[in-house]
Amino acid sequence: MLTLKLPDGSVRQVAEGTRPRDVAAAIGKRLAQAAVAAKVNDKVVDLDSELPAGNGETSFQILTDKDKEALAVLRHSCAHIMARAVMRLFPGVQLAFGPALENGFYYDIDAPTPIREDDFPRIEEEMRKIVAEAEPFERFERSVDEARELVRDLGQGYKVEHIDDDLKRYPSLSFYRQGEFIDLCRGPHIPHAGKVGAIKLLSIAGAYWKNDSSRRQLQRLYGTAFFNQKDLDAYLNQLEEAKKRDHRVLGKQLKLFTISPDMVGSGLILWMPKGAIVRGILEAFIKDELLKRGYQPVYTPHIGRLTMYETSGHYPYYKKSQFARTPANPFQPDVHGHRDFLRQFIAVRNQLPEHQARVEEAALEQDQKFTHEVVPEIEEVDPRFPGVEYRKGDLQKKHDILSAWLDVQEPETYLIKPMNCPHHIQIYKAEPHSYRDLPVRLAEFGTVYRYEKTGELSGMTRVRGFTQDDAHLFVTAEQIEAEIGSNIDLVLFVLSSLGLNDYRVRVGLRDPNSDKYVGKPENWQKAEQTLIEVVKSRGMNYSAEEGEAAFYGPKIDFVVRDCIGREWQLGTVQLDYNLPERFNLEYIGKDNAAHRPVMIHRAPFGSMERFMGILIEHFAGAFPLWLAPEQARIMPVSERFRDYGEKVENELKANGFRVHGDYRPEKIGYKIREAQLEKIPYMLVVGDKEQSAGTVSVRDRVDGDLGAMQLVELIQRLGEEVNERRIRQVSTASAGLSDRDAQFGD
RNA sequence: GCUGCUGUAGCUCAGCUGGUAGAGCACCUCAUUGGUAAUGAGGAGGUCUCGGGUUCAAGUCCCGACAGCAGCUCCA
């Protein structure tokens, strides 16, 4: 016998091997009808699964359409239904993965003729047919060998590969059959298709097989499903609402920023006057905090020598995503590509004699181009280049000549800076340091440029030029924990000052299988351990994720979601043992010997651009008073009160408020509507009554008409609201849509 | 970078199967001088993203580039 503990606390004895379906039926007919799946010991299972043998109490719950977990099961089943419909309509389709998501589901498929959005209606129609037939989902198991044979017979090559790559180790594999459709799948599923109330296909996109960009690209069909039409409509409506707070839409509407792809370039933000005010206030806000916390502001240039970035490791690790190098002499021919090739040539020739012939052939071909195109160019701009000798030399000699010349040229090449740290390191290095000086905290709003791929760009949240509220701390080993800790506090302070409470903390660790990181494994281990200890000791919720580290060290990131559910890293605190080593940083310790400091890289906002983008969405463009570009607008009821309006305007300006007067000959309703749409916190109406009483009528953006107020009273009210950085508009950071983490995998 | 979709006035969009561009808002002018989310009338504004091609004729069809959107990959 098995003892089940139900959600209401009651206990029920059943025989081993009983199915949740039977338990539901025993409890009540209506529950049995409503049942979608069951939760046994916190694991969601099919209604038809056999309850496991167990000693002691087994927690047991029937899931119905009221439960969130049931919705995930439903959606996973809908992925199957969609795949079945697609296979009926598009013969020869191969299936890959089809999991449920937080807000829907997808299935990756490989179709001989690509599926297009125009095909959605007929796929949906076919799906509805399947739903109407309400056939059951039937589970069965096979050994690995039998399973492989089965998927092969079904013509599902990706499934075969998946079994061979990842599933071989299991004793048996489960399948689900629904009518003619059989799919390798872990489950669980709804009892039959009739449970589906509403479905909609949403979009189609490319996705790589097993998330590997070197593998075949498949088509990913996104859809969503609900138990009823009403929920689907509500969800679609929610999507529409979320789009309205998109910072790209609001940024345009409220004239906060613009982008000029054709003239300035895509991914480069132009801050318009209103956006610039908000940014300026944010910068002043954080700068003030930094000074209180012992930071020293510095300024550094936008470019630096290539040599520096080679030392730091930024180049060549990330050269693909950097803006082009700039030769100090603009006429210098671009021979670096050839340099790389020749160096490679030498390296390969020394190591792999069997490749010699092929490599030499390629080098000779390259030589033709060099002799006839590049060399004349070089000669023209650089009389020091021994062109004659080059021409008559053999390949080895030519290479020597070119290398020697390149070595002279190289230091004259500059890079537009992708990071601020190497510059700050040079400031640290400009003077000797005693242990007494540490921590040295150098801060700068440093603008960096990174050539992100076109498909990555997005409004203000992913750009090619951005300003980090950056700082680098040079600390002793003993100071690490305290400094990391106080930086976490700073990030938390910044986020809470702005009411950004909907974030998660990610500890980014190195991926041990990747070679993109610099530095010794011991240092990495030490750094990773320290970070985890600090977040643990603060009792913070965090997730440690491999492969999320910076190339020089692990980091703690504060991640938020935008209005359509995408995650973005804002604040970050990074620990780095590597750059100090690469740049030979030192301080003199108590023992009068040189020691190596440790670096902390940190940015509470992350970047001004991304932070602003998220902030726009967070407030839906309605900034709190302390940040609002225009805090109040004076609107006379008619032109006759312009003089009084200007008096009010000047008085408020004299008190440091950002106000404007709307003196156009328009009706008051018109002016109010406009100000409301511009999300101006306060509207100050002045007319006959106000003029004679020396008051203003205050209309609040949130609460509406507040009635008349003495000017001094208003000034005090606004002053308090600004000083307390009060946030008076309830708003959630994001609608929390479309988390694309898989919950169930096939 | 990849897959799919899109690109018409400052903004949001219409323009059916090819026949020399249209609305609303914004803008400008005039009238109106008003009391808490749109006063009325008039005017100006477009090389239909760019470059090729098909055609008697291209905003419309085809090809390419660029850009935007969604997703994937990437993200120092």
Side-chain angles (χ1 to χ4, degrees), chain A residues 106 108 114-118 202-222 243 246 248-249 252-253 255 258-262 265-267 309 312-315 317-322 417-422 448 450-459 461-463 468 508 516-518 547-553 555 557 564 566 568-569 572 574 576 579 601 635-642 664-678 683-690 697-701 704-708 738 740:
Chain A
Y106 69 76
D108 286 346
I115 293 170
R116 295 152 43 84
E117 275 183 37
D118 299 347
L202 296 172
S203 64
I204 193 161
Y208 298 103
W209 168 232
K210 299 213 169 184
N211 291 338
D212 182 346
S213 59
S214 67
R215 299 206 205 208
R216 174 131 196 201
Q217 190 163 32
L218 310 170
Q219 287 193 294
R220 178 169 294 179
L221 267 64
Y222 284 98
K243 273 190 204 151
D246 188 318
R248 292 164 296 192
V249 174
K252 196 179 273 179
Q253 262 167 25
K255 300 189 165 78
T258 187
I259 300 171
S260 160
D262 296 335
S266 45
Y309 290 102
S312 71
H314 289 101
Y315 192 93
Y317 281 89
Y318 293 98
K319 72 173 166 188
K320 270 176 268 154
S321 54
Q322 285 177 172
K417 73 176 174 190
M419 279 192 108
N420 300 304
C421 25
V448 298
R450 302 173 188 178
Y451 191 83
E452 305 289 1
K453 287 183 274 183
T454 25
E456 314 296 354
L457 300 176
S458 180
T461 45
R462 189 78 183 267
V463 293
Q468 298 175 306
K516 70 171 188 174
Y517 305 97
V518 299
E548 291 293 330
F551 79 92
Y552 48 72
K555 54 184 188 162
D557 291 329
I564 50 175
R566 288 181 292 208
W568 301 102
Q569 171 200 321
T572 181
Q574 316 181 348
D576 173 13
L579 292 186
H601 309 234
M635 7 191 147
V637 163
S638 91
E639 275 185 305
R640 289 193 292 123
F641 309 106
R642 177 175 185 142
R664 295 173 303 174
E666 291 292 348
K667 293 168 97 166
I668 192 67
Y670 181 87
K671 294 181 185 178
I672 287 172
R673 175 182 152 83
E674 202 156 272
Q676 193 78 41
L677 291 174
E678 286 179 50
M683 288 153 266
L684 309 175
V685 178
V686 292
D688 207 5
K689 285 175 283 182
E690 290 78 10
S697 278
V698 181
R699 184 187 165 91
D700 180 84
R701 176 179 64 194
D705 194 354
L706 301 179
S738 96
R740 308 237 127 145

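In what follows, chains carry the letters A, B, and so on, assigned in the order in which the sequence lines appear, proteins first and then strands, with residues in each chain numbered from 1. It should be emphasised that the depicted structure is a prediction, and the values quoted were computed from it without experimental measurement.
Residue Y208(A) is classed as a base contact, given a heavy-atom separation below 4.0 Å to a base.
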Assess whether salt bridge (Lys or Arg N to Asp or Glu O under 4.0 Å) is satisfied between R248(A) and D246(A), documenting all intermediate values. CA-CA 5 Å; R248(A) 292 164 296 192; D246(A) 188 318; 2.5 Å; yes

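In this structure, the side-chain hydrogen bond (donor to acceptor under 3.5 Å, both in side chains) partners of R462(A), at least two apart in sequence or on a different chain, are E452(A). Every residue was checked against the ring-ring contact (aromatic ring centres under 6.0 Å, His included) condition with W568(A), not counting sequence neighbours, and none meets it. Remark: E666(A) engages no residue in a salt bridge (Lys or Arg N to Asp or Glu O under 4.0 Å) (not counting sequence neighbours). Listed by chain and residue number, F323(A) satisfy the ring-ring contact (aromatic ring centres under 6.0 Å, His included) test with Y451(A) (two or more places apart in sequence, or in another chain). By the side-chain hydrogen bond (donor to acceptor under 3.5 Å, both in side chains) test, D700(A) is found to be paired with R728(A), residues two or more places apart in sequence or in another chain being considered. Considering only residues two or more places apart in sequence or on other chains, R664(A) meets the side-chain hydrogen bond (donor to acceptor under 3.5 Å, both in side chains) condition with D662(A), E674(A). Listed by chain and residue number, R506(A), K555(A) satisfy the salt bridge (Lys or Arg N to Asp or Glu O under 4.0 Å) test with D557(A) (two or more places apart in sequence, or in another chain). For Q574(A), the side-chain hydrogen bond (donor to acceptor under 3.5 Å, both in side chains) partners two or more places apart in sequence, or in a different chain, are Y552(A), T572(A).
At C72(B), none of the side-chain N or O atoms of R215(A) fall inside 4.0 Å of OP1 or OP2 (strictly under the cut-off). Y670(A) has a side-chain polar atom (N or O) that falls below the 4.0 Å cut-off from OP1 or OP2 of A26(B). The side chain of T454(A) contributes an N or O atom lying less than 4.0 Å from OP1 or OP2 of G1(B).
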Look for any protein N or O under 3.5 Å of an N or O in nucleotides 33-35 of chain B and output each such pair with its distance, or none.
{"unit_1": "U33(B)", "atom_1": "O2", "unit_2": "S638(A)", "atom_2": "OG", "d": "3.3"}
{"unit_1": "U33(B)", "atom_1": "O2", "unit_2": "E639(A)", "atom_2": "N", "d": "2.8"}
{"unit_1": "U33(B)", "atom_1": "N3", "unit_2": "E639(A)", "atom_2": "OE1", "d": "2.7"}
{"unit_1": "U33(B)", "atom_1": "O4", "unit_2": "E639(A)", "atom_2": "OE1", "d": "2.2"}
{"unit_1": "G34(B)", "atom_1": "OP2", "unit_2": "R640(A)", "atom_2": "NH2", "d": "3.3"}
{"unit_1": "G34(B)", "atom_1": "N7", "unit_2": "V637(A)", "atom_2": "O", "d": "2.7"}
{"unit_1": "G35(B)", "atom_1": "O6", "unit_2": "D688(A)", "atom_2": "N", "d": "2.8"}
{"unit_1": "G35(B)", "atom_1": "O6", "unit_2": "K689(A)", "atom_2": "N", "d": "3.3"}
{"unit_1": "G35(B)", "atom_1": "N1", "unit_2": "E690(A)", "atom_2": "OE1", "d": "2.8"}
{"unit_1": "G35(B)", "atom_1": "N1", "unit_2": "E690(A)", "atom_2": "OE2", "d": "3.3"}
{"unit_1": "G35(B)", "atom_1": "N2", "unit_2": "E690(A)", "atom_2": "OE1", "d": "3.4"}
{"unit_1": "G35(B)", "atom_1": "N2", "unit_2": "E690(A)", "atom_2": "OE2", "d": "2.4"}
{"unit_1": "G35(B)", "atom_1": "N2", "unit_2": "S697(A)", "atom_2": "OG", "d": "3.3"}

Report each atom pair, protein N/O against N/O of nucleotides 4-15 of chain B, whose distance is under 3.5 angstrom.
{"unit_1": "C5(B)", "atom_1": "OP1", "unit_2": "R116(A)", "atom_2": "NH1", "d": "3.0"}

What nitrogen or oxygen pairs link the protein and nucleotides 48-50 of chain B at under 3.5 Å?
none

What dot-bracket string describes RNA chain B from 5' to 3', counting Watson-Crick and G-U wobble pairs whose defining distances are under 3.5 Å, with [ ] for crossing pairs and | for pairs to another strand? (((((((..((((.....[..)))).(((((.......))))).....(((((..]....))))))))))))....

